[in-house]
Every structure is written in structure tokens, then in C-alpha cells.
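All of these numbers come straight from a predicted model, not from anything done at the bench.
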Amino acid sequence: NLADDTGTHATSDLPTGDPTADARSGDAGDDPTAGSLPDCPALDPPAVAAAGPVVVPESAGAVPAAYTVEVIDRTPHDEMAFTQGLIHAGGLIYEGTGLYGESLIRLLEADTGDVLAEETVDESLFGEGVAGHGGRLFQLTWREEEVLVRDRCSLAETGRMSYEGEGWGLTGDGSVLWRSDGTDTLTVHDPEGFAVTATVPVRDRGRPVTRLNELGGMRRLPEGMDKQ
């Protein structure tokens, strides 16, 4: 999950950059640091069919499909980082870390782990999940009930929105943002204002699945899922 450093600047004074600009050329709106940053990767996944929560019914007693992963490569990473959020896009990685007084957000080179840009988070905030939408980064806080909105090129905070409850994991589907809070229910938010648009209880053969945390978006729904 993720974090930021607002310092003493007013929101209107922070560089916002230009999500469509080539940051290497220095053409990034008002951001004076753009020349030192890489091209900003696209963050938004394609919108899924039938925007909104997708609930797939299962027959009584059905056993959910089990999936496995295979490690195919390893890359350098800061062993001291308390990683809470991660986005891989365009050969770069956005990483958010947690802990009070240690939370930050970074833009990393995927192959080398080199830090290309970094912003620390206010000591009063515990950084949590992060997601991208509309050319912006959204970073949850654990118990502070605030989501930090960031420029995806400079990582500067451009605004804050509030929500009720804890913030754990966050992901997007190109239309809405999905948040977990350690319970058995996922909350769906409108990225503009962060209003709650739906809640989705998660069940495994009728039993609540509690302590939901890390979330990930799928670029393609399983076959038949869009018809349920």
C-alpha cells in the first residue's frame, strides 16, 4: 500500500505535470523536475465489460478453482522496504511502503530496482494500497481515512479525499476503484470524489472470506464471466 510528502506547500503550488507529455524531453507542463524523470507509463487498465461490480454465482458446494504462480525471474529490490502497494507499468514500478514515519512512494526501474523518483509521506500517515486511474495515482492510508491523489509523473500530492473505515488494498478496473479493509467485504469507489458506489461480500462456499488485503486487477475476465 502507499504514501506521500505534502510538506508545507499548498495543493495549488504543487507541480502537476502533463500525463500525456514526454517527461524525458522536459515537456511536462508545470513540473520543473520533469527533465529528470522517465516517460510516465500508462496506468489505466482497459475498462471491463459491463462496468461495475461483477459477481459470479457458484453452484452449491462448488469448489473454487485453484491457481498457482511460477517464479520466472528475480530483480533487485530494497530489502528494508515495507512494501504495501505495487504497480508494474511500462517497464517501471510504482512502489508504496508503510509504517508511521517511514512511508513513501517511489518510481523504480523494473530491471535494476534503481529509484527514479521518490516522495516521503507525512509521519502522521501510514501508507497503504495504491492504484492508477485517469492518469493519476490514488494512495490509501491505513487508519487515517484519507486517500492521497498524486501526479503520476512527479509523484506530488495534488489532493485528498476521505472515506470511512480502514484502507488496506486498492486496485482499479478502468472504471471504478476497489478497496479492501481487512474485512470480508470489498468497497467500490467512484474515482471522482471517492464516493461509495457498491459493496461486494466475498464468500467461499457460503463462508465469509475475512482479512481481505492485497488486490489485483485482471486485464481480461475469465470466459463467461461477463455474461453472469
Side-chain angles (χ1 to χ4, degrees), residues 1-5 19 23 37-46 48 67-122 125-144 146-157 163 166-174 176-182 186-189 191 194 202 211-220:
N1 311 319
L2 284 173
D4 123 304
D5 175 20
L37 296 178
D39 295 338
C40 295
L43 294 176
D44 299 329
V48 298
Y67 297 92
T68 60
V69 297
E70 178 185 358
V71 176
I72 59 174
D73 197 8
R74 296 176 184 268
T75 58
H77 181 257
D78 180 3
E79 295 181 356
M80 300 303 293
F82 194 75
T83 305
Q84 297 284 59
L86 203 67
I87 299 176
H88 183 275
L92 300 176
I93 291 176
Y94 289 97
E95 177 186 27
T97 69
L99 301 178
Y100 290 110
E102 299 182 29
S103 296
L104 54 80
I105 185 169
R106 296 168 170 165
L107 180 60
L108 308 170
E109 181 69 45
D111 293 336
T112 65
D114 291 344
V115 177
L116 304 175
E118 180 176 296
E119 288 285 333
T120 58
V121 176
D122 188 276
L125 304 176
F126 189 118
E128 282 287 345
V130 66
H133 181 87
R136 298 169 292 171
L137 289 171
F138 293 79
Q139 178 182 345
L140 295 177
T141 55
W142 181 25
R143 292 177 170 172
E144 290 69 48
E146 287 189 312
V147 58
L148 312 180
V149 183
R150 296 180 176 279
D151 179 85
R152 68 183 175 91
C153 297
S154 68
L155 306 183
E157 182 183 325
Y163 55 90
E166 295 186 357
W168 289 38
L170 190 69
T171 192
D173 63 10
V176 295
L177 295 173
W178 295 69
R179 173 175 64 94
S180 65
D181 59 8
L186 299 179
T187 303
V188 184
H189 293 271
F194 220 61
V202 179
R211 298 188 64 78
L212 296 173
N213 191 355
E214 179 184 355
L215 300 176
M218 298 180 65
R219 290 190 176 275
R220 185 177 65 180

All ring pair (Phe, Tyr, Trp, His ring centres under 6.0 Å) counterparts of F194, not counting sequence neighbours: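 Ring pair (Phe, Tyr, Trp, His ring centres under 6.0 Å) list for F194, sorted by chain: Y163, H189.
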Hey, could you give me the [atom1]/[atom2] distance between [X] and [Y], rounded to the nearest 0.5 Å?
| X | Y | atom1 | atom2 | result |
| --- | --- | --- | --- | --- |
| E214 | L212 | CD | CG | 11.5 Å |
| D181 | N213 | CG | CG | 10.0 Å |
| E157 | L137 | CD | CG | 12.0 Å |
| L104 | E118 | CG | CD | 4.5 Å |
| H133 | L170 | NE2 | CG | 11.5 Å |

I'd like to know if the side chain of [X] and the backbone of [Y] have a donor-acceptor N/O pair within less than 3.5 Å.
| X | Y | answer |
| --- | --- | --- |
| R179 | E166 | yes |
| T171 | W178 | no |
| T141 | E146 | yes |

[Y] side chain reached by [X] side chain, heavy atoms, under 4.5 Å:
| X | Y | result |
| --- | --- | --- |
| L177 | V147 | no |
| L215 | L186 | yes |
| L99 | F126 | yes |

Passing candidate, side chain to side chain contact (heavy atoms under 4.5 Å, CB included) with E109, options I93, T75, L92: L92
Set out, in order, the CA-CA distance, both residues' side-chain angles and the distance that settles side chain to side chain contact (heavy atoms under 4.5 Å, CB included) for T83 and H77, then state yes or no. CA-CA 10 Å; T83 305; H77 181 257; 3.5 Å; yes
What is the minimum heavy-atom distance between [X] and [Y], and which atoms define it?
| X | Y | value |
| --- | --- | --- |
| G172 | A131 | N-CB, 4.1 Å |
| A110 | H88 | CB-NE2, 4.0 Å |
| L108 | E95 | CD1-OE1, 3.4 Å |
| G127 | S103 | N-OG, 2.9 Å |

Test side chain to side chain contact (heavy atoms under 4.5 Å, CB included) on Y94 and V130; report intermediate values, then the result. CA-CA 9 Å; Y94 289 97; V130 66; 5.5 Å; no
Is it the case that the side chains of T97 and E102 hold a donor-acceptor pair, with the cut-off being a distance below 3.5 Å and no angle test? no
